[in-house]
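Only a predicted model underlies this, so the values are computations on that prediction, with no experimental measurement involved. To find a chain, count down the sequence lines: A is the first, B the second, and so on, and within it residues start at 1.
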Number of protein chains: 2
Amino acid sequence: MPIPKAQSPTTDVVLRHWREAVPNDRLAHLVKDATRGLVRALTMRLAEHRVSFGHWAFLRILWETDGLTQRGLSLQAGVMEPTTFAAIKAMEKLGYVERRQKPSSRKNVYVFLTPAGRALKGKLVPFAEGVNDIAVRGIPAADVAVTRRTLLAMIENLAAEEAASQGATRRMPSTRHMGRLVAEAGNGTRRRGAQPNP
Amino acid sequence: MPIPKAQSPTTDVVLRHWREAVPNDRLAHLVKDATRGLVRALTMRLAEHRVSFGHWAFLRILWETDGLTQRGLSLQAGVMEPTTFAAIKAMEKLGYVERRQKPSSRKNVYVFLTPAGRALKGKLVPFAEGVNDIAVRGIPAADVAVTRRTLLAMIENLAAEEAASQGATRRMPSTRHMGRLVAEAGNGTRRRGAQPNP
DNA sequence: TTGATTTACTTAGGTCTCTAAGTAAAATCA
DNA sequence: TGATTTTACTTAGAGACCTAAGTAAATCAA
């Protein structure tokens, strides 16, 4: 077998070093790479039906419970409102959902599937299941179960820890935080700070 | 202490529905949420030392093997060159690395740690270990081992599958792909082709 | 040795997610 | 009731990652 070319580094090289010793502090990277693989596989399949990976999560919630508010969707999806907002707006343009307001409240925006959005279910769910099958192929079901349980426990542990240290010193850095630091450090002659200099 | 507010949904609500039935097709989301938790925890800690999560991966490689090219770094990190490029540029401005070219080749760019960059190791590695400890707290070591092995197998399965269907129908959609679709669908008066099913 | 190909770095721009900072509407309270 | 707080949606903008499309240097072929 001639082995085509070198085949994309992205999907290939990742493997290389995971096989070797995986020190204790690298669990995060392992989990992250698994995420990338799964997201990638699903993204490629979803794209065939004009659905982005970001939309997928919301579609699935809506198939289950139509007519939620954007806030409700955010909670269910476990993402922040701006994320939901952008996704729903795009999905509205694509004709998968409708945003409606009830006369009872002009504040809330309710999201409903269109027939097109609902029709996607039959096509997309099999893809997700297919990707899942590929991912766990050859892995004992028991191991998958353990993995599932372990990941859940990890999520809980981390959330608990973050909640416990609430309001304490550590917070999630602002999106501009690093940008500012880099800009400061970079602007010639690291003298003082922050010259936005014209 | 009046308990600030209701505490961020991001880190909290995620848990809610994972406890309930987790259908088979949701492994991807579970893995993704675990990634988020880990990345988040590490990001917060790294920020205290002017290091972003994106830089972390490269720093760790450089502590191990100084003087790699950007390409080499990309391979080791398992990311594409533009990602590396941006990160290294920022780290250069922050004074953690230096980019140098050897007279033997004016094409390759070699990346070297500065003393400041090297000094970070002592501070940052404990953070990573700390996050790891928090994440796996209370979980049997055997389970963590199984999880590690399972995730690795999943990564391999997915990479193998993608390699197998190389050049075939499915490819990763271009970054502009969805943007175009949304724009088309959106651009006034969904008269023509915008119909969901042609 | 010249032309074609490959390699390594860059630039452009897009997705997804986030924090921060509005802006209105709704709910609560004094 | 009117003033204050809370809620829900928006807008802005950044970071990490990606694909696509350069550009210049190095290597290979004829």
Side-chain angles (χ1 to χ4, degrees), chain A residues 5-6 8-11 32-33 35-36 39-40 43-44 46-47 51-58 68-75 77-90 99 101-102 104-111 171-183, chain B residues 5-6 8-11 32-33 35-36 39-40 43-44 46-47 51-58 68-75 77-90 99 101-102 104-111 171-183:
Chain A
K5 298 180 78 167
S8 129
T10 308
T11 58
K32 195 157 156 251
D33 278 356
T35 298
R36 175 160 48 190
V39 168
R40 204 180 155 83
T43 298
M44 292 191 299
L46 258 21
V51 172
S52 82
F53 181 80
H55 301 165
W56 162 248
F58 296 105
L68 289 169
T69 63
Q70 288 185 185
R71 177 110 188 83
L73 276 170
S74 302
L75 289 174
V79 298
M80 307 290 359
E81 281 97 331
T83 303
T84 304
F85 178 72
I88 295 299
K89 275 288 198 176
R99 289 152 40 88
Q101 295 193 263
K102 289 179 182 165
S104 61
S105 163
R106 278 185 301 144
K107 189 166 57 157
N108 303 41
V109 174
Y110 297 86
V111 181
R171 284 176 49 247
M172 192 66 178
S174 147
T175 55
R176 344 239 141 135
H177 182 227
M178 278 307 300
R180 280 193 299 262
L181 293 181
V182 173
Chain B
K5 298 182 84 165
S8 123
T10 308
T11 58
K32 194 156 158 253
D33 278 357
T35 298
R36 175 159 51 191
V39 169
R40 205 181 154 82
T43 298
M44 292 191 299
L46 258 21
V51 172
S52 81
F53 181 80
H55 301 164
W56 163 248
F58 296 105
L68 289 169
T69 63
Q70 288 184 185
R71 177 107 187 86
L73 277 169
S74 302
L75 288 174
V79 300
M80 307 287 7
E81 281 97 331
T83 303
T84 304
F85 177 73
I88 296 298
K89 275 288 198 176
R99 289 150 40 88
Q101 296 193 263
K102 290 179 181 164
S104 63
S105 164
R106 279 184 301 145
K107 188 167 60 159
N108 303 40
V109 174
Y110 298 85
V111 181
R171 284 177 50 248
M172 192 67 177
S174 146
T175 57
R176 343 235 142 139
H177 183 224
M178 276 309 298
R180 280 194 299 262
L181 293 181
V182 172

In whole Å, what is the span from the CG atom of B:Asp33 to the C1' atom of C:dC18?
-> 14 Å
Out of C:dC18, D:dC17, C:dC16, whichever nucleotide has its closest atom nearest the side chain of A:Ser52 | C:dC16
Compute the angle between the rotation axes at the two ends of the helix from C:dT1-D:dA30 to C:dA30-D:dT1, each taken over five pairs, rounded to 10 degrees.
-> 10°
Give A:Thr84 one of three labels, base, sugar-phosphate or nothing, depending on what nucleic acid heavy atoms sit under 4.0 Å from its own.
-> nothing
On a heavy-atom basis, the closest approach of B:Met178 and A:Ser52 is CG-CB, 3.6 Å
What's the CZ-P distance between A:Arg36 and D:dC17, to the nearest Å?
-> 7 Å
For A:Phe58 against A:Val79, the heavy-atom pair lying closest together = CZ-CG2, 3.8 Å
Non-hydrogen atoms of B:Arg106 and B:Gln101 that approach each other most closely | O-NE2, 2.8 Å
Can you check the B:Met44 CE to C:dC18 P distance for me, whole Å?
-> 14 Å
For A:Lys89, side chain to side chain contact (heavy atoms under 4.5 Å, CB included) partners two or more places apart | A:Phe85, A:Glu92, A:Arg99
Residues forming a side-chain hydrogen bond (donor to acceptor under 3.5 Å, both in side chains) with B:Glu81, sequence neighbours excluded | B:Arg71
For A:Ala90, all residues meeting side chain to side chain contact (heavy atoms under 4.5 Å, CB included), sequence neighbours excluded = A:His55, B:Val182
Just call it for B:Ser174: base, sugar-phosphate, or nothing, with non-hydrogen atoms closer than 4.0 Å on any strand.
-> sugar-phosphate
Rounded to whole Å, the NZ-C1' distance (B:Lys32 to C:dT15) equals 11 Å
Counting just side-chain N and O atoms, does B:Arg106 come under 4.0 Å of either OP1 or OP2 of D:dT23?
-> no
List in chain and number order the residues that pass side chain to side chain contact (heavy atoms under 4.5 Å, CB included) with A:Tyr110, two or more places apart in sequence or in another chain; answer none if no residue qualifies.
-> A:Thr69, A:Lys102, A:Asn108, A:Phe112
Over how many whole Å does the gap from B:Met178 atom CE to D:dC18 atom C1' extend?
-> 15 Å
Mind calculating the distance between CZ (B:Arg40) and C1' (C:dC18) to the nearest angstrom?
-> 8 Å
Pick one: which of B:Leu73, B:Leu75, B:Leu68 meets side-chain contact (heavy atoms from CB on, under 4.5 Å) with B:Thr84?
-> B:Leu73
Listed partners of B:Val39 passing side chain to side chain contact (heavy atoms under 4.5 Å, CB included), at least two apart = A:Lys32, B:Thr35, B:Thr43, B:Phe53
Do nucleotides 8-13 of chain D as a string where each nucleotide becomes B, S or -: B if the base has a protein heavy atom under 4.0 Å, S if just the sugar-phosphate does, - if no protein is that close.
-> SSBBBB
B:Met80 atom CE is separated from D:dC17 atom C1', nearest whole Å, by 11 Å
B:Lys102 has an atom NZ; how far is it from atom C1' of D:dA26, in whole Å?
-> 16 Å
